[in-house]
Amino acid sequence: MFRNMTRKEFLHTMAGAAAASALVSNGVGASALAGPSASNTPAAPRVIPKLKRGVTLYSYQFAFYKRALTLEGLLAESSAIGANYIQLLPEQMVPGFPNPTDRFVDQWFDWMDKYHLVPDTYCQFQDTVLIKGQDLSLNEGVAMLERDLKLANRMGFTKLRLLIGTPIDVVEKAIPLAEKYGVWMGWELHAPGNFKTPVVKRWFDVIERNNTEFLGIVPDFGIFSMRPARNFGLAGGPPLSTTTEAIVKYIGDQRYAGVEKDVIAADIAKMNPKPGDKSYLDAICRYEVVDPHEVVAHKKYVRNMHTKFWEMTEDYHEYSIPYEKVIPVLVEGGVDSTMSSEFEGQRFKQIDDDEYELEQVRRHHVMLRRLLGEI
Amino acid sequence: MAVFYEDYMICTRSFCNVMSGTQTTGFQLQIRTNYYRGTYLSQIDALRLVVDGEEFPTDNMTITIEGVTYTFDQLAKATHKRWFFGDPATLTVFKPGGLKPGPHTVQLGLFNRNSYIPRFDPEGLYPFGPPHAGGDGATGYGKTPSPLPLVAKRTMTLVQ
């Protein structure tokens, strides 16, 4: 570990470690994502979509870090592209977090009015080891979560996104507080997790036994990813030197197009593969790609989704995640949720352009507008 | 994997020697965190500073954040103060005589103790792959790397 890893990088690393381990199971395809898209230009949905477009300002973190754009500038940009439902990591962008001044909060609501925005989802981080060697007690943990529920309420957010590791007992004890502050909480369902992951089942148990409408899940679109992002190397696969560039590209393209693993394996066997090529196929098929119908089946638990992406191409497709196959299923299934577009490709690429992230989010919203039948 | 924040951690602005009366007592530079959330000060787990190959232990420096100056012992207890994402903090290093005017190569390592991933998963609830060897269910997350890698490097001119 060569620096402060993000959670996502950690998950990727662990995915890589697991992929290389002896415990590898056979790759699992996703029936709904198999097979080609009906068309490159999607048809208008047959039902009125209940999906609402938004953005997490996390997407613009590089521009903010370099002070190329201010928080207001990012809100103005979100408004300009119709990403009206705002997700924020308050600790990342709110001065004085967790106790911003009343003046800031007034300013925040003025911005919401000025740019026609809705404070939608507050992204919470539970720092369970605030002091070295000392885990927070249950009550201290609840107090930390209440701090965020209070600030969410103060800034007008109606939803709070919990990370995968936020302790279950803390969240369960905080349910009455979520009700008190009128803030729904949702755990992120993040790759390589899926609906069968034990902790996810545990979450549903908690929701059901508390009979609460204030707790659910936030699916992260990484669960629909068919191949690693470009610029992320082979993402837990074999060393590059043991692979053939053209075969790696072929595998990724076929996988993205929905071709089953055994068909791809038979194809590459005829292409004079190196040992790493087969390992790469195993690695990218290692984790179950979630069928979007499973999200539909759990739609009562879903109010916000992380519409994650790493690279929008110039023709408005996501390189790894086949949105054209996912969004129509969610629309037709009646999923009623906001979507927080989360651009994460800035982590994998050296970027000199201060507004690269802005262009990527704009492209993502062109794609979403097409899929929602807005254009 | 390309990483970008590291290129912005060491700031050229304000790089200077520090005087006390007529004596040069050390030098100063500004740094930014490479962590996307910013951090509570108590979660700054480790910092390494190397100038022209010479390492300066944190016992011999202070860090000033939002106008408040801390020793590293004080930092570990500052659970209610934060270092905001993108804001420079000032390191003041004790070094009698300071640095010579001219170019210096500065290297920096920084590790925040982030703990929102479970460090232990004895029941295997989380999708992080098999528990590490040893059977304690440790996920391996949140451990301070040892030695801490120097992730940022910049050569900059100290002006007298």
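Per chain, numbering begins at 1; letters A, B, ... match sequence-line order.
Considering only heavy-atom pairs separated by less than 4.5 Å from chain B, the leading option among A/Thr128, A/Leu89, A/Thr166 is A/Thr128. Between chain A and the options B/Arg119, B/Arg37, B/Glu66, heavy-atom pairs under 4.5 Å are most frequent for B/Arg37.
Across all non-hydrogen atoms, the minimal contact from B/Arg113 to A/Ile131 is NH2-C, 3.5 Å. Taking each heavy atom of A/Trp310 and A/Ser225 in turn, the nearest pair found is CZ3-OG, 3.6 Å. Residues B/Arg48 and B/Pro147 share a closest heavy-atom pair of NH1-CB, 4.3 Å. A/Ile164 and B/Pro127 get closest at one heavy-atom pair: CD1-CD, 3.7 Å.
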Distance-only check: which donor-acceptor pairs under 3.5 Å involve side-chain atoms of residues 140-150 of chain A, not counting sequence neighbours?
residue	atom	partner	partner atom	Å
A/Glu140	OE1	A/Ser137	N	2.8
A/Glu140	OE1	A/Ser137	OG	3.4
A/Glu146	OE2	A/Tyr181	OH	2.7
A/Arg147	NH1	B/Tyr40	OH	2.8
A/Asp148	OD1	A/Tyr122	OH	2.5
A/Asp148	OD2	A/Gln124	NE2	3.1

(Q) Evaluate B/Thr24 against B/Asn17 for side-chain hydrogen bond (donor to acceptor under 3.5 Å, both in side chains), listing each step before the verdict. (A) CA-CA 7 Å; B/Thr24 301; B/Asn17 277 330; 5.4 Å; no
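Both the backbone and the side chain of A/Leu130 come within less than 4.5 Å of a heavy atom in chain B. Interface residue A/Gln126: only backbone heavy atoms are found under 4.5 Å from chain B. For B/Thr39, no part sits under 4.5 Å from any heavy atom of chain A, backbone or side chain.
Residues B/Tyr70 and B/Lys81 are in side-chain contact: their nearest non-hydrogen atoms beyond the backbone lie under 4.5 Å apart.
Contacts between residues 194-205 of chain A and chain B, counted as heavy-atom pairs separated by less than 4.5 Å, involve A/Thr197, A/Pro198, A/Val199, A/Arg202.
Ring centroids of B/Phe27 and B/Phe56 are separated by less than 6.0 Å, placing the two rings close together.
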